[in-house]
Amino acid sequence: MSKLQPARGTRDIFGDEARSMTAVVETFRKVATTYGFEEMATPIFEFTEVFKRPLGEASDVVSKEMYTFEDRGGEEITLRPEFTAGVCRAFISNGLQQHLPCRLMSWGPVFRYERPQKGRYRQFHQINAELLGPETPEFDVDMIALAWSLLKALGLGDKVVLNLNTLGDIESRMAYRDALVSYFEGFKDKLSEDSVRRLTTNPLRILDSKDEGDKLLVANAPLLSEHLNDHSRQFFETVCKGLDAVGVPYEHNERLVRGLDYYTHTAFEFITTELGAQGTVLAGGRYDGLIEKLGGPKVAGIGWAGGIERLAMLSNIVTDAERSIVLVPMGEAGTLKAFTVADDLRTAGHVVTADRSGNLGKRLTRAAKANARYAIIIGDDDVAAGTAMLKDLDSGEQSSVAFDALVAAVKA
RNA sequence: GCGGGUGUAGCUCAGUUGGUUAGAGCACCAGUUUGUGGCACUGGGGGUCGCCGGUUCGAAGCCGGUCACUCGCCCCA
């Protein structure tokens, strides 16, 4: 640790960036609420097993990206690398299967030990939505529609493209996996180093390879759509029809796969080209076996997560700070009087600060630069007279107002 | 984890073939101005030149290492 720097991949968030991230979260809460979602805040750390079991031992997240440590009581603890597993654990812990379907929204920090880049941090923030209930394709449509509504509300409707695919149910996925492995086994010497490794860890990932040689082989590889059983095919068709009906544009991308073991059926990613290699801005899918895998009831689920930093960077939306009233006390009596004036105005709901240093000109300059709405000058003479000088900083007009009339005057 | 680039004030950047107290603009603070604003003038604070080591009489500039950021890969939000 040299100097007073934050640890690698972590940062301080303030100013415009903080406001912009808050705006993303606020928009999310508002939109998700209209879809019937309720808040679920789970701990930012869990027993390691909660993440290890559902994500899959071989996944990158589990094998090299988790912040895991033993606490003072000897428990294996992990800082959450995603929301889904924790939310599902909470669902089971609290017996929420009595209230299906459950629509749960969350947001907050998540942790992944990765090499940082722009738009990619070791501690970053996500908004998250999960819908737990029966395995019904219409729910997939609802979830994607929610994501699309949010993105539109953030002004990202034309910056982002929805890539959609189906991984099929477990049966279809396994059949396809076998077909894929036997196909690529034949070209093992031509595959990139990464892809040879993926052949054993996650063969579907090869479809997504950026290696030029791999791409040639992938072009002739068997297609997942050819290995879908009837159930999986119908499920996907229903999802597509639903999306058409709600008017969510999408591209069927057969190469879209997911890294985590628990995904089945629908998988989707909203992608932008404006953030370099960090183009995925919001992504998710269906995870029908997850809750059972964690030891819970047979309940299916679908969910997604969005990167708050990435969404904020793309949208540039900032909630404007509320315009303030600046008190300018000019003497001892004025300084004391300003405390009660401030109190009255704040009680009435205004943002009030006092500027007590420098000459009057400086203070008005600062108030103007801070985009304050009013300045209230309170000198000793004013206190004696029972009035303050209320100055409208937009128009430049000012008038003498009795102290007890200030709250009303400022409203007008 | 792998490969490339960058690092001088809060911000944007100068800084000659290594040469003595490291500069500018913007921003900030104060004064002109205890009673009227975004202007002007004057002044001020702020940098161990990312950090450590090496070469040299002498390093912001050269060499090595390290840290951070950044671009791509892996993977992902």
Side-chain angles (χ1 to χ4, degrees), chain A residues 1-11 15 24 55 59-65 81-84 107 109-128 147 160 192-195 197-198 201-202 205 208-211 214 257-260 269-272 275-284 303-314 326 328-335 355-372 374-382 388-398 400:
Chain A
M1 179 176 64
S2 73
K3 279 194 125 183
L4 262 21
Q5 292 179 327
R8 185 171 204 198
T10 66
R11 10 180 250 117
V24 169
L55 298 190
S59 70
D60 270 52
V61 171
V62 171
S63 61
K64 58 182 199 193
E65 292 176 0
E82 57 134 31
F83 276 87
T84 305
W107 65 91
V110 286
F111 304 84
R112 243 115 94 162
Y113 188 89
E114 294 186 277
R115 179 128 178 199
Q117 279 179 42
K118 192 181 181 66
R120 167 195 220 156
Y121 310 98
R122 287 182 174 181
Q123 174 179 339
F124 60 106
H125 300 79
Q126 289 186 332
I127 48 177
N128 188 268
V160 130
S192 69
E193 212 176 301
D194 280 328
S195 287
R197 179 179 50 77
R198 286 189 274 232
T201 58
N202 192 347
R205 270 276 162 216
D208 215 13
S209 176
K210 279 159 192 152
D211 181 90
D214 288 354
V257 294
R258 312 252 71 211
L260 308 179
E269 286 184 16
F270 286 89
I271 297 172
T272 176
L275 293 178
Q278 281 67 245
T280 302
V281 125
L282 186 155
W304 54 253
I308 297 176
E309 283 88 347
R310 292 182 185 179
L311 289 167
M313 265 191 280
L314 254 194
V326 176
V328 184
M330 297 307 290
E332 202 177 319
T335 300
D355 186 346
R356 305 184 182 92
S357 70
N359 58 48
L360 181 59
K362 291 274 194 231
R363 300 198 219 179
L364 290 176
T365 301
R366 272 194 293 259
K369 278 189 180 172
N371 194 31
Y374 294 100
I376 297 176
I377 301 156
I378 308 169
D380 291 348
D381 302 349
D382 297 308
M389 189 58 76
L390 174 65
K391 175 152 189 153
D392 183 319
L393 290 169
D394 289 344
S395 67
E397 287 163 17
Q398 63 180 19
S400 199

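Per chain, numbering begins at 1; letters A, B, ... match sequence-line order.
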Participant: Output the rounded distance in Å from CG (Leu364(A)) to C1' (G37(B)).
Facilitator: 5 Å
Participant: If you look at every strand shown and take non-hydrogen atoms under 4.0 Å, does Asp355(A) touch a base, only sugar-phosphate, or nothing?
Facilitator: nothing
Participant: Is there a side-chain polar atom (N or O) of Gln117(A) under 4.0 Å from OP1 or OP2 of G72(B)?
Facilitator: yes
Participant: With both distances under 3.5 Å as the test, what is the Watson-Crick or G-U wobble partner of A40(B)?
Facilitator: U32(B)
Participant: Given the structure, check if the side chain of Lys118(A) and the base of U70(B) hold any donor-acceptor pair shorter than 3.5 Å.
Facilitator: no
Participant: Say we look at G23(B) and G61(B): how far apart would their C1' atoms be, to the nearest angstrom?
Facilitator: 15 Å
Participant: Where the side chain of Glu114(A) is concerned, which of C75(B), G38(B), C73(B) is the nearest nucleotide?
Facilitator: C75(B)
Participant: Only pairs with both distances under 3.5 Å count, Watson-Crick or wobble alike; so what is the partner of U55(B) in this structure?
Facilitator: none
Participant: Just to be sure I understand the rule, does Leu393(A) reach a base, reach only the sugar-phosphate, or reach nothing, if contact means heavy atoms closer than 4.0 Å?
Facilitator: base
Participant: If you look at every strand shown and take non-hydrogen atoms under 4.0 Å, does Asp194(A) touch a base, only sugar-phosphate, or nothing?
Facilitator: sugar-phosphate
Participant: Using a cut-off of strictly less than 4.0 Å, decide whether Ser357(A) has a side-chain nitrogen or oxygen near OP1 or OP2 of A30(B).
Facilitator: yes
Participant: Using the C1' atoms only, state how far U34(B) lies from A30(B), rounded to an integer number of Å.
Facilitator: 15 Å
Participant: Between the base of G37(B) and the side chain of Lys362(A), is there a donor-acceptor distance below 3.5 Å?
Facilitator: no
Participant: Base, sugar-phosphate alone, or nothing: which one does Ile377(A) contact when heavy atoms must sit under 4.0 Å apart?
Facilitator: base
Participant: Closer to the 5' end of RNA chain B via nearest nucleotide, is it Val281(A) or Arg197(A)?
Facilitator: Arg197(A)
Participant: Distance check, C1' atoms only: A27(B) and C69(B), in whole angstrom units.
Facilitator: 23 Å
Participant: Scan Arg310(A) against the nucleic acid and name what it touches under 4.0 Å (heavy atoms): base, sugar-phosphate only, or nothing.
Facilitator: base
Participant: Pick base, sugar-phosphate or nothing for Gly379(A), based on heavy-atom distances below 4.0 Å to the nucleic acid.
Facilitator: base
Participant: To the closest 0.5 Å, what do you measure between CG (Asp355(A)) and OG1 (Thr365(A))?
Facilitator: 10.0 Å
Participant: For the C1' atoms, the ones on C63(B) and on U55(B), what distance do you get once it is rounded to whole angstrom?
Facilitator: 7 Å
Participant: Can you tell me if the side-chain N/O atoms of Lys369(A) get under 4.0 Å from OP1 or OP2 in C28(B)?
Facilitator: yes
Participant: So, using side chain to side chain donor-acceptor pair (under 3.5 Å) as the criterion, who are the partners of Asp208(A) when residues are at least two apart?
Facilitator: Arg205(A)
Participant: Under the rule syn = chi within 90° of 0, otherwise anti, which is G61(B)?
Facilitator: syn
Participant: For Ala7(A) and for Asp381(A), find the nucleotide of RNA chain B with the closest heavy atom, then tell me which residue's nucleotide is more 5'.
Facilitator: Asp381(A)
Participant: Can you find a side chain N or O atom of Arg115(A) that sits less than 4.0 Å from OP1 or OP2 on C74(B)?
Facilitator: no
Participant: Within the modelled atom types, does a donor on one side and an acceptor on the other bring the side chain of Asp382(A) and the base of G35(B) under 3.5 Å apart?
Facilitator: yes
Participant: Partner lookup for U48(B), please. Criteria are Watson-Crick or G-U wobble with both distances under 3.5 angstrom; report none if nothing qualifies.
Facilitator: none
Participant: Taking the P atom in each of G19(B) and G58(B), what is the distance between them to the nearest angstrom?
Facilitator: 14 Å
Participant: For Tyr121(A), answer base if it contacts any base atom (sugar-phosphate contacts may also be present), sugar-phosphate if it contacts only those atoms, and nothing otherwise; contact means non-hydrogen atoms under 4.0 Å.
Facilitator: base
Participant: Taking atom C1' of C75(B) as reference, at what distance in whole Å does atom CD of Glu65(A) sit?
Facilitator: 6 Å
Participant: Classify the side-chain pair Asp214(A)/Ser209(A) by whether it contains a donor and acceptor separated by less than 3.5 Å.
Facilitator: yes
Participant: Report the nucleotide, chosen from U36(B), A77(B), C74(B), that has the shortest atom-to-atom distance to any side-chain atom of Ala305(A).
Facilitator: A77(B)
Participant: Using the rule side chain to side chain donor-acceptor pair (under 3.5 Å), only one of His125(A), Gln278(A), Gln126(A) pairs with Glu309(A); which is it?
Facilitator: His125(A)
Participant: Do Thr10(A) and Gln123(A) pair up side chain to side chain, a donor and an acceptor below 3.5 Å, judged on atom types alone?
Facilitator: no
Participant: Can you check the distance between A24(B) and A14(B), where both ends of the measurement are the P atom (answer in whole Å)?
Facilitator: 16 Å
Participant: Please tell me if the side chains of Asp392(A) and Tyr374(A) come closer than 4.5 Å, counting only heavy atoms from C-beta onward.
Facilitator: yes
Participant: Any side-chain N or O of Arg120(A) below 4.0 angstrom from OP1/OP2 of C69(B)?
Facilitator: no
Participant: Expressed as a whole number of Å, how far does the C1' atom of C41(B) sit from that of U33(B)?
Facilitator: 13 Å
Participant: Which base sits across from U6(B) as a Watson-Crick or G-U pair, both distances under 3.5 Å?
Facilitator: A68(B)
Participant: Taking atom P of G72(B) as reference, at what distance in whole Å does atom CG of Leu275(A) sit?
Facilitator: 10 Å
Participant: Quick check for you: among C75(B), U33(B), G38(B), whose closest atom lies nearest to any side-chain atom of Ala368(A)?
Facilitator: G38(B)
Participant: CD of Gln5(A) versus C1' of G50(B): gap in Å, rounded?
Facilitator: 7 Å
Participant: Could you please name the option among G72(B), A68(B), G37(B) that lies closest to any side-chain atom of Ala277(A)?
Facilitator: G72(B)
Participant: I would like to know whether Arg115(A) and Arg120(A) meet side chain to side chain contact (heavy atoms under 4.5 Å, CB included); could you show each step before the answer?
Facilitator: CA-CA 8 Å; Arg115(A) 179 128 178 199; Arg120(A) 167 195 220 156; over 6 Å; no
Participant: Can you check side chain to side chain contact (heavy atoms under 4.5 Å, CB included) on Ser357(A) and Arg366(A), steps first, answer last?
Facilitator: CA-CA 11 Å; Ser357(A) 70; Arg366(A) 272 194 293 259; 3.6 Å; yes
Participant: Write down the partner of C73(B) under the Watson-Crick or G-U wobble criteria, each distance required to be under 3.5 Å.
Facilitator: G1(B)
Participant: Describe the nucleic acid contact of Gly9(A) in one word from base, sugar-phosphate, nothing, applying a heavy-atom distance below 4.0 Å.
Facilitator: sugar-phosphate
Participant: Between Arg366(A) and C29(B), does any side-chain N or O lie under 4.0 Å from OP1 or OP2?
Facilitator: yes
Participant: Which nucleotide in the set U33(B), G72(B), A77(B) lies at the smallest distance from any side-chain heavy atom of Asn359(A)?
Facilitator: U33(B)
Participant: Could you give the CZ-to-P distance, from Phe124(A) to C75(B), as a whole number of Å?
Facilitator: 16 Å
Participant: From NZ of Lys391(A) over to P of G37(B), roughly how many Å is that when rounded to an integer?
Facilitator: 7 Å
Participant: Rounded to the nearest Å, what distance is computed from the CZ atom of residue Arg11(A) to the C1' atom of nucleotide U70(B)?
Facilitator: 14 Å
Participant: Within this structure, what is the CZ-OH distance for the pair Arg8(A) and Tyr113(A), rounded to the nearest 0.5 Å?
Facilitator: 7.0 Å
Participant: So Gly119(A), base contact, sugar-phosphate only, or nothing? Heavy-atom distance under 4.0 Å.
Facilitator: base
Participant: Is the distance from OP1 or OP2 of C75(B) to the nearest side-chain N or O of Arg198(A) less than 4.0 Å?
Facilitator: yes
Participant: What is the distance, to the nearest angstrom, from the CD atom on Gln278(A) to the C1' atom on U70(B)?
Facilitator: 11 Å
